[in-house]
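A, B, ... follow the sequence lines: proteins, then strands. Residue 1 opens every chain. For clarity, every value in this text was computed on a predicted model and none was experimentally measured.
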Amino acid sequence: MSPDTAANSYRLGPDERGHFGLYGGRYVAETLMPLIREVGAAYEEAKNDPAFHEEMGRFHKHYTGRPSPLYFAERLTAHLGGAKIYFKRDELNHTGSHKINNCLGQILLARRMGKTRIIAETGAGQHGVAAATVCARFDLPCTVYMGSVDIDRQAPNVFRMRLLGAEVRAVESGSRTLKDALNEALRDWVANVHDTFYIIGTAAGPAPYPEMVRDFQCVIGDEARSQIAEAEGRLPDTVVACIGGGSNAIGLFHPFLDDPDVRIVGVEAAGHGLESGEHAASLTGGSPGVLHGNRTYLLQNDDGQITDAHSISAGLDYPGIGPEHAWLKDAGRAEYMSATDAEALEAFQLCARLEGIIPALEPAHALAWVIRTAPDLPRDHILVMNMCGRGDKDVFSVGEALGIEL
Amino acid sequence: MSRIAARFEALRKADRAAFMPFVSGGDPDFDTSLAILRGLAKAGADLFEIGISFTDPMADGPTVQAGGARALAAGMTTKRVLDLVRAFRSEDDEMPIVLMGYFNPIYRYGAERFAVDAKAAGVDGLITVDLPPEEEDELRGPVERAGLDIVRLVAPTTDEERLPFVLERASGFVYYVSIAGITGTRSPTMADVQFAVDRLRRFTDLPVAVGFGINTAEQASAVARIADGAVVGSALVREIGAGGPDMLDRVNGLARELAGGVAGART
């Protein structure tokens with residue numbers, strides 16, 4: 001993307017080679033290159049086909065349950081005494097998170113391409129469950145790669161995936177978490193390029209995935225935009241979302257990128273604190289590098305070896321970040337903050353008590369930033385936070401963190 | 001003439017293919033790895049592929065992953081791999097040496113500095129697995145200026161429309177990945193290898209080496225009848241990984257078998 005067009009709009013990326021400025025691209029082995037290009041071409045075609053959008057819209061409405069509400073969090077707002085806080089309720093989607101938005105789009109594309117087998121990676125299990133769900137619905141065999149460490153801490157989601165008919169394969173390589181599950185899925189794909197479609201769970205990976213996943217998640221921001229206009233008659237002052245790979249965030253942010261008065265805030269997982277070295281904040285604590293098919297900010301050492309991420313939230317526990325966020329950070333259009341495990345746990349409990357909503361630990365990080373920031377903002381400041389997942393899956397790990405025997 | 005070109009030229013005159021072992025630099029540690037390289041040379045290796053380890057080697061199977069992990073655990077870095085090459089090169093000025101790895105460690109090292117340092121250490125060529133021609137610009141300039149070859153991978157999925165695009169950016173030799181898959185898993189049929197190598201020869205005059213899935217002297221020999229080189233990685237790395245007091249002997253023994261299979265293939 002040239003600086004000229006960037007100055008006019010932040011919504012034009014990526015360029016034809018899949019780059020967002022320095023970031024993005026297609027850093028994959030030659031074996032995958034032809035297939036990646038095929039996925040790109042198929043997506044271009046689908047994107048311009050009204051029938052594709054019509055079908056997706058139908059499933060959004062009757063299967064996922066879209067549009068998700070935009071909810072005025074009245075008691076939280078009163079409690080904090082500052083900005084007026086809205087939740088975009090993507091935790092009410094079928095399967096309990098925003099992940100279904102993307103899986104639906106990708107499986108419709110896989111069908112168009114005539115692929116007969118689906119693979120996916122998962123960390124917390126939310127994407128794995130969403131992928132297994134659409135595979136059940138469209139009768140395609142599904143293999144989900146999941147680090148054995150994550151399998152141990154997310155047992156309910158493993159069982160859900162199996163109930164949905166998916167095969168969950170434990171990944172024992174590397175640190176046995178999300179990044180290794182991605183490696184293993186890519187290895188599977190290389191070996192099964194002829195019939196397999198890889199449903200990547202976040203707005204990262206080789207082009208066209210960052211763009212494609214973003215487009216499928218933009219339904220969040222598009223809805224929020226018209227819903228806040230209806231509720232308040234104007235745009236929000238701030239939009240905020242948590243960032244692991246960054247798909248829920250880019251989906252909320254993208255439709256607001258060209259509204260200069262809207263402040264855009266992504267919240268990464270600071271784990272035990274940025275200074276502790278045990279965190280998952282690739283943007284605030286990492287540096288540019290190449291992993292999993294794209295150039296982006298990574299947690300890595302001086303030798304370019306990837307270091308382990310840490311977060312209480314398995315869904316944020318990834319040492320990279322979608323490349324468009326890397327670009328937005330450098331361009332200064334979005335701000336990237338962080339919240340620690342402890343802050344997320346506080347937010348988790350406060351939200352449950354005040355709003356009767358148990359958030360997933362992932363959006364609890366965004367909420368922690370809101371709790372920290374909202375009191376200092378004026379009462380007419382409108383803040384929209386993406387409640388991208390519900391916390392039922394997290395009650396065991398939260399119980400454990402709080403020292404409560406369940 | 002580069003060491004790579006000289007070696008393939010000499011082999012062509014002798015009507016035999018190259019035996020090209022792959023090991024991760026520093027597996028299981030720096031000193032043992034240097035001893036392994038010396039042994040491989042003595043056993044009849046014609047060209048070395050030395051891996052720069054990476055935490056996330058997405059094109060490698062469990063065996064090569066484990067070799068890389070051992071090297072990293074032993075404190076290997078990109079710089080130490082160059083030290084290893086330098087140490088071997090001080091004893092052997094003819095063995096062509098190609099470094100094989102993923103882009104991130106090179107990117108962090110700095111492409112320009114890496115190319116210069118690699119050349120100075122005695123490296124002859126570079127295979128960057130996850131840097132397809134579409135993304136190689138930032139590395140190509142420095143590597144060409146330093147006088148290193150850029151070895152390109154061609155896969156079964158690389159169709160004839162794409163092939164010229166890939167090959168026009170290749171030098172030294174072409175590495176044909178014989179299976180759509182990761183290292184050390186399946187083996188190709190020789191009919192498929194023959195078909196692929198014949199096709200490649202219609203597009204390039206560069207030597208064609210074949211790798212992925214070659215484990216035995218018999219397979220190496222069959223490949224050597226078809227192609228200009230046979231790459232064996234996982235089978236050797238597995239022996240290194242098995243360890244034990246006789247590890248060096250076993251690696252050397254396997255290397256001699258493989259080298260013998262390649263050398264005797266066309267007689």
Side-chain angles (χ1 to χ4, degrees), chain A residues 16-19 22 24-38 40 171-175 179-196 205-207 287-296 298-308 319-320, chain B residues 52-62 65-66 68-69 72 75-81 101-110 114 127-138 152-159 161-163 165-166 175-177 179-183 185-186 212:
Chain A
E16 68 284 355
R17 289 167 57 234
H19 290 248
L22 177 66
R26 290 189 187 99
Y27 295 85
V28 297
E30 176 61 26
T31 315
L32 276 184
M33 206 55 197
L35 189 80
I36 293 279
R37 297 172 63 92
E38 193 189 318
V171 175
E172 301 289 351
S173 61
S175 58
K179 83 175 174 74
D180 309 286
L182 242 149
N183 289 333
E184 217 50 46
L186 285 165
R187 289 174 186 130
D188 178 311
W189 204 21
V190 168
N192 296 288
V193 286
H194 56 287
D195 67 354
T196 297
S287 54
V290 173
L291 178 71
H292 294 150
N294 61 154
R295 188 189 326 241
T296 187
L298 301 174
L299 300 180
Q300 56 181 330
N301 67 18
D302 290 341
D303 194 43
Q305 306 297 339
I306 307 306
T307 54
D308 290 343
Chain B
I52 301 174
S53 297
F54 183 45
T55 39
D56 296 81
M58 66 177 176
D60 287 305
Q65 288 174 38
L72 290 175
M76 290 303 290
T77 59
T78 307
K79 182 183 168 301
R80 289 292 283 160
V81 173
Y102 295 80
F103 185 50
N104 199 51
I106 295 171
Y107 178 60
R108 281 295 281 186
Y109 194 99
F114 174 79
I127 303 174
T128 321
V129 177
D130 57 349
L131 201 66
E134 284 85 346
E135 304 287 356
E136 71 169 4
D137 287 358
E138 65 196 285
R152 280 260 146 243
L153 301 174
V154 171
T157 49
T158 314
D159 63 22
E161 195 185 328
R162 179 173 170 77
L163 205 44
F165 171 72
V166 175
Y175 186 137
Y176 180 67
V177 175
I179 53 157
I182 52 177
T183 55
T185 50
R186 297 185 305 228
F212 282 46

Open item on the list: Less than 4.5 Å to any heavy atom of chain A: does that hold for the side chain of S53(B), its backbone, both, or neither?
Closed with: backbone
Task: Residue part contacting chain A, namely of A69(B), when any heavy atom lies under 4.5 Å - done: neither
Open item on the list: Whether E161(B) and R37(A) form a salt bridge (side-chain N of Lys/Arg under 4.0 Å from carboxylate O of Asp/Glu) is what I want to check.
Closed with: no
Task: Engaged part of Q65(B) at the chain A interface, taking heavy atoms whose separation is under 4.5 Å - done: side chain
Open item on the list: Using side-chain heavy atoms (C-beta onward) and a distance below 4.5 Å, is P105(B) in contact with Q300(A)?
Closed with: no
Task: Within-4.5 Å side-chain heavy-atom neighbours: S287(A) and R108(B) - done: yes
Open item on the list: According to salt bridge (Lys or Arg N to Asp or Glu O under 4.0 Å), who are the partners of R80(B), at least two apart in sequence or on a separate chain?
Closed with: D83(B)
Open item on the list: With a 4.5 angstrom heavy-atom cut-off, is it the side chain or the backbone of V28(A) that approaches chain B, or both, or neither?
Closed with: both
Task: Part of L35(A) lying under 4.5 Å from any heavy atom of chain B - done: neither
Task: Which atoms of P206(A) approach chain B - backbone, side chain, both or neither, heavy atom under 4.5 Å - done: neither
Open item on the list: So does Y27(A) get a backbone contact from the side chain of D130(B), meaning a donor-acceptor N/O pair under 3.5 Å?
Closed with: no
TODO: Could you tell me whether the side chain of R17(A) and the main chain of E135(B) form a donor-acceptor pair under 3.5 Å?
DONE: no
- [ ] Would you mind checking which part of D302(A) comes under 4.5 Å of any heavy atom in chain B, side chain (CB onward), backbone (N, CA, C, O), both or neither?
- [x] both
Open item on the list: Let's test your reading of the structure: which of V193(A), T307(A), V290(A), N301(A) forms the most heavy-atom pairs below 4.5 Å with chain B?
Closed with: V290(A)
TODO: Check whether P57(B) gets within reach of chain A through its side chain, its backbone, both or neither, counting any heavy atom under 4.5 Å.
DONE: both
TODO: Name the region of I106(B), side chain, backbone, both or neither, that has any atom closer than 4.5 Å to a heavy atom of chain A.
DONE: neither
- [ ] Tell me, out of R295(A), E184(A), E172(A), who's got the most heavy-atom pairs with chain B below 4.5 Å.
- [x] R295(A)
Task: Segment of V166(B) engaging chain A (4.5 angstrom heavy-atom cut-off) - done: side chain
Open item on the list: Quick check on the interface: out of T78(B), I182(B), D56(B), V129(B), who has the most heavy-atom pairs with chain A under 4.5 Å?
Closed with: D56(B)
Open item on the list: Between T31(A) (side chain only) and A180(B) (backbone N and O only), is there a donor and an acceptor less than 3.5 Å apart?
Closed with: no
Task: Pairs of heavy atoms under 4.5 Å with chain B: top-ranked of M33(A), K179(A), R26(A), R187(A) - done: R187(A)
Open item on the list: Would the distance check show the side chain of N183(A) and the main-chain N or O of M58(B) forming a donor-acceptor pair, the cut-off being under 3.5 Å?
Closed with: no
Open item on the list: I'd like to check V177(B) versus E30(A) (side-chain heavy atoms, cut-off strictly below 4.5 Å). Are they in contact?
Closed with: no
Task: I306(A) and F54(B), any side-chain heavy atoms less than 4.5 Å apart - done: yes
Open item on the list: So for R152(B), is it side chain, backbone, both, or neither that comes closer than 4.5 Å to the heavy atoms of chain A?
Closed with: neither
